[in-house]
Structures are given as C-alpha cells and as structure tokens.
Amino acid sequence: MAEPKAKYDRQLRIWGEHGQAALEKATICLLNCGPTGSETLKNLVLGGVGSITVIDGSKVEPGDLGNNFMVDESCVGQSKAKCVCTFLQELNDAVKAKFIEEYPEALIGSNPSFFSQFTIVVATQLAEDSMIKLDKICREANVLLIFARSYGLTGFVRISVKEHAVIESKPDHFLDDLRLNNPWPELKRFAETIDLNVTDPVAHKHTPYVVILVKIVEEWTKAHSGALPSTRDEKKEFKELLKAGMVAMDEDNYKEAIEASFKVFASRGINSDLLRIMHDSCSEVESNSSDFWVMVAALKEFIANEGGEEAPLEGSIPDMTSSTELYVSLQKIYQAKAEADFLAIQQRVKSILKRIGRDPDSISKEMIKSFCKNARKLKICRYRPIEDEFNNPSVAELQKHLTDEEYSVAMGFYILLRAVDRFAANYNSFPGQFEGEMDEDISRLKTAVVGLLSDLGCNGTTVTEDLINEMCRFGASELHAVAAFIGGIASQEVIKITNFLFFTAHNKTICSHGGNFHIQQHRSKVSIIGTVECFDGTGKLSQSITTSWDGAVDLLQALPPIYAT
Amino acid sequence: MAESTVHQSRSRDLDKLLLRPGNLVAPTFEPGAQLRDDLQEYARILVVGAGGLGCELLKDLALSGFKNLEVIDMDRIEVTNLNRQFLFRLEDVGKPKAEVAARRVMERVSGVNIVPHFCRIEDKDIDFYRDFIIIVLGLDSVEARSYINAVACGFLEYDSDDKPIEETVKPMVDGGTEGFKGHARVIIPGSTPCFECTIWLFPPQVKFPLCTLAETPRTAAHCIEYAHLIKWDEVHSGKTFDPDDPEHMKWVYTEAVKRAELFGIQGVTYSLTQGVVKNIIPAIASTNAIVSAACTLETLKLVSGCSKTLSNYLTYNGVEGLHIKVTEFVKDKDCLVCGPGVLLELDTSVTLQKFIDMLEEHPKLLLSKASVSHQATNLYMQAPQVLEEMTRSNLNLPLFELMGKVPRDIVHVTGTTSRDDKKASCLRKLCLVFKGADAVTDQDMAVGA
C-alpha cells in the first residue's frame with residue numbers, strides 16, 4: 001500500500017498536518033443514510049475521518065436505487081446502513097466503519113447516552129420533535145451536532161453547538177501586521193540604520209517599503225505632535241511626501257510604499273471584534289474553562305501589560321521589492337518580536353493554568369503559537385438551541401423576511417419545512433407524498449402553515465400559494481443532486497468545526513434550488529461574526545455582500561437576528 | 001409489467017419532479033412519464049473531465065434521470081486524486097480516468113450507459129460535440145474551457161434579424177473549484193455571455209519578475225522558480241523539464257535549497273517546490289460535491305424545464321462561513337466566439353492556401369497552422385497525416401468553389417494562437433462573404449445549412 005499520506009496531499013495544502021490530525025481523531029455518528037446522509041459521510045470518509053457509525057433502521061427499496069449511489073441492485077431487501085457502510089469502507093480503508101440497524105428516533109428515545117461517545121453527530125432527515133430531543137442530548141454531552149435535510153428542491157443545514165471557537169479562520173483578506181505606525185524599539189532602530197537618501201541608485205530602489213514608511217511616519221508624527229495623518233488632505237500630503245522621495249520613475253519600492261500608505265492610517269491597537277471576545281464573560285476563567293478561553297485570559301493580561309495595548313505580533317511580512325539582505329533582516333526582526341510575544345503569552349498561559357488548578361503544560365506550544373499568530377482574527381460562534389429557535393423566534397424579523405423580495409422564498413421554505421413536520425404528525429405522511437390527494441394536501445398544508453405562523457406570532461404574514469403548491473409537488477422526495485449539494489455543505493461544516501479551523505456557516509442555511517438558487521443564512525447579531533451572505537437567485541446582482549469580515553460587521557446589524565442567541 | 005413497476009419505483013423521487021405539474025417551472029415544462037422517459041432515452045450529455053468534478057458529475061447525472069452519458073478525459077489516475085475522486089481506488093492508479101469512472105458508475109447504477117473517451121478534447125472532431133444536448137464541464141484550466149466554449153458556440157447561427165437560431169444553440173454548464181471556493185455557471189450561446197465574453201473574470205496568473213528571480217530573491221517561491229525556470233536550462237540545455245518526473249522535481253528542489261541557503265531564505269520544502277512548479281491547486285471532496293450538484297441541477301432544469309434555471313453565474317465561498325452569490329452577467333455583443341462570427345470579405349479567387357495564410361496575419365485571429373471545415377466537411381486538416389494527405393489537394397482550389405459557391409457562409413477554423421506567451425489550441429467561427437459573387441448565384445444557391 002502506498003504511503004497513505006500522499007493521497008491527502010491536496011487537502012494538506014489547505015489545513016496542514018494539524019488539521020488532518022484533528023480530522024483523523026474525529027468520530028462521527030450518522031443518523032439516516034439516505035442520499036443526504038450518505039453523501040455527507042462520503043466526503044468525510046474521503047478526507048480521512050477517524051471513524052463513522054451509521055444508524056438507520058430501514059431496508060433498501062427499489063426507489064433507493066434511483067437516488068443513492070451507495071446501494072446497488074444486490075442490496076435490495078438488506079439493511080441500508082449495512083450496504084452504505086460497506087461502500088464507504090471501500091473509499092478509505094483507514095477509516096473505521098460500523099453500522100447499527102436501528103431507527104434514529106428509537107435510539108434517541110431509548111438510549112440518549114449512546115451519543116456521548118462521538119465527536120460529532122450528523123443528523124439527517126429528522127423531524128422537528130427528534131431534532132429538539134437530540135439537540136438537548138448533544139448539548140448536555142458536549143457533542144457537536146449538525147442537522148441536514150433535503151426535501152425536493154429545498155433543504156437546510158443547521159449547526160447546533162454551544163460554542164465553536166475559531167483560531168485559524170484563514171480569511172481571504174486580512175490586513176498584515178506591520179505596525180508601521182507603532183513600531184517597537186528593534187524595528188525603529190533598524191529603520192534608523194538605513195539612509196533613505198543613499199546615493200547609489202540600486203540601493204535606493206531596493207529599500208523595502210516597510211522601512212520607507214516607518215521612517216516617513218516618524219518624520220510626520222514629529223512634525224505633528226505625535227499625531228498620524230487623519231484628514232483626507234493630510235493623507236494626500238503624506239503620499240506626496242513619499243513621492244518626493246523618489247529619484248526615478250521606475251522605483252517599485254516607492255510605488256509600493258504609496259500603495260501601502262493606507263496601512264499607516266489604520267488605527268493602532270486591537271480591533272473591536274477581538275475586544276468583544278476579551279470582554280466576554282467566558283474570559284474570566286475557572287477550572288473547567290476551555291483551552292481557548294484560558295489563552296484569551298492570557299491574551300488579555302498580555303495586552304494590558306507587555307503588549308502595550310497590542311495583540312502579539314503575527315510575525316510574517318508580505319513580499320516586497322527589496323534587496324535580499326534587507327528583506328531577510330527585516331523578516332528576522334518581525335520573527336524575533338513574534339517569538340518574544342509568544343513566549344510572554346506562553347508564560348501567562350502557564351501561570352493561569354496553575355491558578356485554576358490545571359497542569360501548566362496541558363496546552364501545547366503549537367496551540368499557543370497558532371493562537372498568537374491568529375490572535376487578531378479569533379472568532380467565536382454560538383448557536384442557539386433548536387428549542388429556543390422554535391419557541392422564541394424574533395417575530396419582527398421573521399415577518400420582515402417573509403415579505404422582503406430578497407428573502408421571501410428562503411424564508412417561505414423555512415416555514416414550510418417546519419409545517420410539513422406538523423402535517424406529518426397529524427396525517428402520518430407528508431403532503432403530496434402519495435398520489436391522488438394533491439388538492440386536499442395543499443389545503444391541509446396551508447392550514448398547517450397558517451397555524452405555525454400564528455404560533456410564531458406572525459399573524460398577517462403568509463407564505464405564497466405557489467410555494468405551498470411547490471412543497472406539495474416535492475412530496476418529501478429526496479433527490480440525489482439536492483442531497484449531494486446539502487451533503488457537500490454539511491460535510492464542509494463538519495470539517496470546519498472539528499478543527500478550530502475556519503469560520504462556519506452561522507446558524508441555518510436554507511437552500512432552494514427551485515427557480516434559481518436561494519441560500520440564506522441568518523446571522524446572529526451577537527458577539528462575533530461570520531460572514532453574512534444572503535443571496536438571491538433571480539439573477540439580479542444581489543446587494544453587494546462583501547466577504548471581507550470588516551464589511552460583515554456593518555451588514556450584520558442590518559440583518560435579522562432571527563436565530564439570535 | 002413487472003419491469004415497468006420496477007422502473008417506476010426506481011424513479012420514485014425524480015418522478016415527483018418530472019411527472020407533476022407545478023407553478024414555479026419553466027414555460028416549456030410538460031410534466032409526465034413521457035418527459036421522464038425522453039430524458040432517459042434521448043438526452044445525451046457529455047461530461048468533459050473525469051477528475052474531481054467529473055466523478056461527481058457522472059454520479060449525479062446518472063442519478064438524476066440521465067441514462068446516456070459520455071465522458072472525455074486525457075489523464076491517468078494518480079495517488080493524489082484519491083482524496084476526492086471517489087470512483088478510483090489505489091489499484092486503479094495509472095489507468096485512464098475516463099474509462100475507470102465510466103465503468104464504476106455503470107456498475108452501480110443500472111440502466112445508465114457511459115461511453116468513455118481517453119483522449120484530448122482537441123482530438124475529437126467538432127461534429128462529435130454536435131450530438132449532445134448539453135455539455136457539462138468539469139475542467140481545471142482556462143485553455144480547455146476556452147476551447148470547448150468555442151466548439152459549442154461554433155454551432156451557433158444567427159438569423160437575418162441577428163437573433164440566435166434555437167436549433168443551433170448548445171448550452172453548457174461549467175463548474176470549477178479551488179479549495180473551499182467554486183463556481184457554477186450556465187452558458188446559453190447567443191443569450192448569456194459565453195466563456196470568452198467574461199474572460200476578464202479570470203485574474204492573470206502570478207508571474208515573478210525575472211530580475212527578482214535572478215538577482216533579489218526574497219521568498220522560498222523565488223528560489224524554486226529560479227531553479228525551475230533559469231537554472232534548469234543553464235544546466236540541462238535542450239532537455240525539457242518534466243514536472244511529472246520525480247528526478248527532475250528532486251533536482252529543482254535541491255537547487256532551490258542551495259539558492260535559499262545562499263541568500264539566507266527559509267521555507268523551501270519539497271512539498272512547496274511541487275506546489276509552485278506544478279501550480280498545484282488544493283482540492284477537497286466537499287467543494288467538488290457542492291459545485292457538481294449545482295451543475296447537475298442546472299442541467300436537469302435546462303433539459304426538463306422542471307424549474308427555472310440559474311441566471312447565470314454562481315460563486316461559492318466556504319472560507320468564511322458560507323457565501324453564495326448569483327450574478328447575471330451580460331453577453332458581449334462583439335464577442336469573437338459567441339457573436340455572429342468574425343466577418344471576413346474574400347475575393348472568389350482566393351485559394352484555400354491563401355486563406356489559411358491570411359488567418360495568421362489577421363489582427364483579431366493571429367491563428368497559425370489552421371485547419372478549415374465547412375458544414376460537416378473538412379476542407380483541410382493539418383493532422384493526422386492521413387487526413388492531411390487526403391485534403392492537401394484542396395489547398396490550391398478557390399475557397400469559394402470548395403464551399404459550393406455560396407456568397408456567404410460560416411466556416412470553422414482550428415489552429416494555435418498565443419495567449420499570455422502560451423500557445424493554445426484555438427477554434428474560431430468565421431463568417432465569410434465573397435465579393436463579386438453573382439446576384440443570380442444568390443438566388444440559385446441555398447445559403448447556410
């Protein structure tokens with residue numbers, strides 16, 4: 001057998017060895033292995049999760065052959081869980097695969113403690129009442145939980161986790177940590193050794209822009225009683241000062257300095273999101289605090305003391321026009337400070353651990369290093385319990401969304417996905433599931449919708465006839481392509497939350513593939529973020545939703561905190 | 001009877017979408033068993049690429065009611081494919097992707113027929129592509145997309161009101177992924193923008209300035225590219241560097257390490273060397289699954305009308321949370337590829353050889369080594385040798401005569417062009433108008449297809 005790691009090469013380039021190790025430690029429990037669950041698991045098995053346990057009480061029917069790749073002709077009549085498991089095992093023999101032929105609803109009712117052994121439970125195609133029960137069980141046992149459901153051309157993915165701390169969020173765009181307007185002594189000293197007015201033209205155009213900016217900023221602040229350029233005119237003047245330093249038109253380093261001058265105008269100190277994390281009540285640590293919060297506590301102390309109101313230095317610098325020698329020297333200076341900051345934080349982590357009665361070496365050096373490097377980008381996601389979402393909706397927001405052109409389809413499906421469960425509880429089948437009763441089912445579903453909206457406190461708003469009809473047309477079908485789509489999203493979220501990696505979809509993602517594409521996510525208004533995305537598939541350029549997380553903060557306020565914690 | 005019951009119940013879920021009327025459907029939607037059966041019997045779909053997207057696409061399409069699929073891919077299976085190209089096993093390494101993928105899906109989904117083609121997309125006649133109702137792309141390069149786009153758009157014809165003629169419209173569904181990001185788009189030649197119309201969407205590839213590599217390297221990547229692009233030729237003049245040869249790669253790595261040491265630069269690893277030299281794109285199963293599923297749904301919607309289609313470009317980003325954005329891009333009416341074709345006025349005396357020479361000089365084309373085809377006939381083929389010999393005699397004949405003396409018609413030319421210093425296969429649609437063609441001839445001859 002070939003070195004097993006070689007096959008993971010393409011994903012190691014994304015999440016590295018430590019990400020892979022976290023994945024390989026994960027034990028996953030899947031509830032229901034129709035296409036939604038199977039496709040979710042397929043992606044995880046390929047990625048190399050530690051183990052999977054498939055729970056499903058059904059037998060394979062001919063209809064399953066039309067939507068589930070993991071079963072074939074020879075499986076008809078056999079346990080679906082068994083057949084899916086067999087196929088998945090073939091995909092990756094490093095994964096331990098087990099199955100239990102039992103209906104998830106029964107297991108949830110009879111043996112709740114069964115779930116405590118897993119890292120994460122992936123619950124697919126569950127109805128509301130089971131969702132609520134399972135959610136309680138998993139929260140109690142501190143097991144990660146993710147729901148996924150496909151229903152005709154719609155569906156949803158919903159993470160339910162008390163708290164998911166993200167250390168390495170790896171955002172696409174994040175300002176580098178150069179401290180151009182707040183250089184520490186070593187950086188200042190280095191800049192002082194360099195003469196910007198050196199006569200040798202080669203040396204002149206190979207002075208790195210970091211040095212140029214540090215020196216010009218120093219010059220500026222001296223002439224302006226310590227203040228940085230703030231008004232538009234001042235910023236223009238600053239750039240002119242830089243331009244004045246150029247002796248030839250082809251000096252790329254000066255061009256880079258001018259382009260990078262906005263980094264000088266950025267505020268010093270820590271950003272508002274990090275501030276919010278530090279002020280969170282969890283940062284007052286106790287003996288049962290998680291490693292993340294212990295490190296945050298250390299960070300708080302650091303910032304207030306040797307950090308000088310700054311987070312630990314990230315330590316890397318972007319490439320820039322420079323002589324090799326100066327660039328490498330600059331790199332070393334940044335690396336040295338980052339290392340010093342790390343050691344200070346590590347020290348504080350150890351003493352805090354001691355203080356709360358834990359082994360001072362119990363948080364690894366690698367973990368602390370990663371924490372320091374990513375300190376400015378830390379994120380926390382908190383998800384409301386399912387019961388809360390169902391019983392305490394944000395009415396005003398719900399109503400607004402149901403009537404808003406951009407959101408109404410997805411919101412409509414949100415309501416319908418819940419209404420069909422009510423329908424099923426009353427009539428023992430889903431609307432449109434069987435032929436011949438379409439008209440009655442449409443009318444019954446409408447009644448269920450009205451009832452639900454009323455219970456939610458949203459009197460007066462409604463879901464369109466078209467959407468209700470469409471939901472009946474779907475007849476609780478599980479279409480392979482939709483299941484594969486939902487499964488793809490669910491598996492990606494699993495990967496993110498089993499590591500401290502990346503930033504997960506916040507709360508519920510509703511998908512609708514009908515008539516274009518509607519995926520909506522509703523973001524929590526609290527604490528931290530994530531990214532906001534909502535998009536409308538009718539083809540109009542949706543409101544520009546920026547993916548950079550600076551922009552997300554503002555949009556966040558504008559969005560409905562329907563699932564707000 | 002038993003057969004049809006089995007068939008019906010096998011299609012249990014899809015039937016709900018195809019057999020039932022709905023309100024949120026395309027205007028052309030005709031629900032019923034006929035639609036489902038027609039999809040199975042008559043809809044032929046081509047999947048281009050049998051890699052990360054291709055494997056998912058074949059599975060998804062086979063389980064979405066399509067029974068006649070074909071797949072084309074020129075690559076063989078490698079170990080690094082196995083984290084996402086789930087149709088392949090360790091013992092398949094070295095075998096052609098298209099063949100193994102087709103076989104695996106047919107084994108598991110009974111009733112589906114998949115014809116594999118282990119070759120380059122350029123190796124197929126343009127006519128090969130004509131028979132498919134939709135072409136779905138799971139490609140990993142701009143060049144390949146550009147080529148297929150030109151082929152599909154090449155079939156497009158416009159009527160005298162400059163409206164696309166419906167029978168000549170060949171839709172494409174294009175997917176792409178990179179790490180946690182991806183896109184899915186629907187291209188309907190003549191209506192939506194084609195790939196060329198929106199080529200500006202693709203950022204130019206990062207290239208390091210030569211002076212940085214040669215004189216002031218700063219990063220590990222600089223050292224690697226120095227060894228790869230400069231030092232290799234110095235030491236192995238004449239021998240082409242082969243990124244798939246581990247000995248070559250090791251050599252580059254060793255040289256990169258030496259250079260890094262010389263300049264005090266850190267970070268050169270074998271893995272990084274491979275990544276930089278091969279321009280490796282990180283890839284995972286989940287993103288491929290998402291994008292392929294989206295593409296499959298669009299294909300199903302386009303063919304059946306069971307719901308409205310994407311209009312027209314979807315981007316997916318799973319890096320920070322989950323983002324999906326749909327943009328409706330607009331067609332470029334002057335597009336060389338999906339427009340009415342580059343107009344060329346020719347004298348009736350111009351020979352085929354002269355015409356081919358002209359293409360090289362034409363500022364909009366700059367096409368060298370052109371092969372020319374008219375309707376379904378190859379007028380001149382540069383390759384393979386057999387066809388070249390067969391068509392060589394046409395070179396001295398007037399093009400006007402070879403085309404049946406019609407005053408105006410479409411021809412397709414293939415050849416090579418340079419884009420960003422790289423040679424690429426290129427296909428173009430040309431609208432030829434012959435000057436001095438007799439007015440009488442106009443009435444006698446049929447114009448066009």
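Within every chain, numbering begins at 1; the chains are lettered A, B, ... in the order of the sequence lines, protein sequences first and strands thereafter.
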- Message: Taking side chain as everything from C-beta outward and backbone as N, CA, C, O, which of these in A:E465 sits under 4.5 Å from a heavy atom of chain B? Side chain, backbone, both or neither.
- Response: neither

- With chain A as the partner chain, list the residues of residues 275-284 of chain B whose heavy atoms fall under 4.5 Å from it, by residue number, and write 'none' if nothing qualifies. B:G275, B:I280, B:I281, B:P282, B:A283, B:I284

- Which residue out of B:T219, B:L82, B:L61, B:D60 racks up the most heavy-atom pairs below 4.5 Å with chain A? B:D60

- Note on the structure: Counting heavy-atom pairs under 4.5 angstrom with chain B, the leader among A:T321, A:L12, A:N92 is A:T321

- So with a 6.0 Å cut-off around CD of A:E325, is the heavy-atom count from everything else above 12? no

- Message: Could you report the tightest heavy-atom contact between B:V79 and A:A6, atom names first, then the distance?
- Response: CG1-CB, 3.9 Å

- Name the option with the most non-hydrogen atom pairs under 4.5 Å to chain A; the candidates are B:E107, B:H222, B:Q266. B:H222

- Note on the structure: Under 4.5 Å to a heavy atom of chain A? For B:P21 that would be backbone

- With the side chain counted from C-beta on, respond yes when B:L14 and A:N67 share a heavy-atom pair under 4.5 Å apart, and no when they do not. no

- Note on the structure: Per-residue tally against chain B (heavy atom, under 4.5 Å) across A:T40, A:V45, A:V328 peaks at A:V328

- Short N-O contact, A:E478 and B:R12, less than 4.0 angstrom: no

- Select, from B:S286, B:A285, B:A289, the one with the greatest count of heavy-atom pairs under 4.5 Å involving chain A. B:S286

- From CA spacing to verdict: side-chain contact (heavy atoms from CB on, under 4.5 Å), A:L153, B:S307: CA-CA 9 Å; A:L153 290 175; B:S307 189; 3.9 Å; yes

- Can you tell me how far the SG atom of B:C306 sits from the CG atom of A:L479, to the nearest 0.5 Å? 8.5 Å

- Item | Partner set under side-chain contact (heavy atoms from CB on, under 4.5 Å) for B:K59, not counting sequence neighbours | A:E39, A:K42, A:F69, A:H480, A:A484, B:E56, B:L63, B:F86

- Query: Roughly how far, to the nearest 0.5 Å, is CG of B:N83 from CG of A:L91?
  - Reply: 11.5 Å

- Message: Minimum heavy-atom separation for B:A293 and A:F485, please, with both atom names.
- Response: CB-N, 3.5 Å

- Message: Determine whether a donor-acceptor pair (N or O, by modelled atom type, separation under 3.5 Å) exists between the side chain of A:R13 and the backbone of B:S271.
- Response: yes

- Taking C-beta and beyond as the side chain, do A:T324 and B:P217 meet within less than 4.5 Å on heavy atoms? yes

- Got a sec, which pairs hit salt bridge (charged side-chain N to carboxylate O under 4.0 Å, His left out) with one end in residues 282-296 of chain B, sequence neighbours left out? none

- Can you check whether B:T80's main-chain N or O pairs, donor with acceptor, with A:R10's side chain at less than 3.5 Å? no

- Got a second to check how far A:S74's OG is from B:R108's CZ, nearest 0.5 Å? 7.5 Å

- Task: Go through B:A221, B:S64, B:S110, B:G111 and name the one with the most non-hydrogen pairs under 4.5 angstrom from chain A.
- Result: B:S110

- Based on non-hydrogen pairs under 4.5 Å, which of A:N469, A:D72, A:L65, A:L46 is most in contact with chain B? A:L46

- Task: Please report the C-alpha distance between A:I14 and B:F180 in whole Å, then the side-chain angles of each, then the deciding distance to 0.1 Å, and finally whether the side-chain contact (heavy atoms from CB on, under 4.5 Å) criterion is met.
- Result: CA-CA 9 Å; A:I14 299 179; B:F180 281 100; 3.6 Å; yes

- Message: Quick check: do A:Q492 and B:T287 have side-chain heavy atoms less than 4.5 Å from each other?
- Response: yes

- For chain B, find which of A:P35, A:A483, A:S491, A:G66 contributes the most heavy-atom pairs closer than 4.5 angstrom. A:G66

- Message: Could you report the tightest heavy-atom contact between A:A481 and B:T296, atom names first, then the distance?
- Response: CB-CG2, 4.1 Å

- Without swapping roles, check the side chain of B:R20 against the backbone of A:R473 for a donor-acceptor pair under 3.5 Å. yes

- If you measure from CZ on B:R218 to CG on A:D319, what distance do you get to the nearest 0.5 Å? 4.0 Å

- Item | A:I489 side, atom CD1; B:I324 side, atom CD1 - distance, nearest 0.5 Å | 5.5 Å

- Between CD on residue A:E435 and CG on residue B:D15, distance to nearest 0.5 Å: 8.0 Å

- B:Y316, part contacting chain A, at a heavy-atom distance under 4.5 Å: side chain

- Whatever's closer than 4.5 Å to a heavy atom in chain B on A:M438 counts as side chain

- Message: Enumerate the salt bridge (charged side-chain N to carboxylate O under 4.0 Å, His left out) contacts for residues 77-86 of chain B, please, sequence neighbours excluded, ordered by first and then second residue.
- Response: none

- Note on the structure: Among A:G475, A:S477, A:G63, the residue with the most heavy-atom pairs under 4.5 Å to chain B is A:G63

- Using non-hydrogen atoms only, which part of B:V291 is less than 4.5 Å away from chain A: side chain, backbone, both, or neither? neither

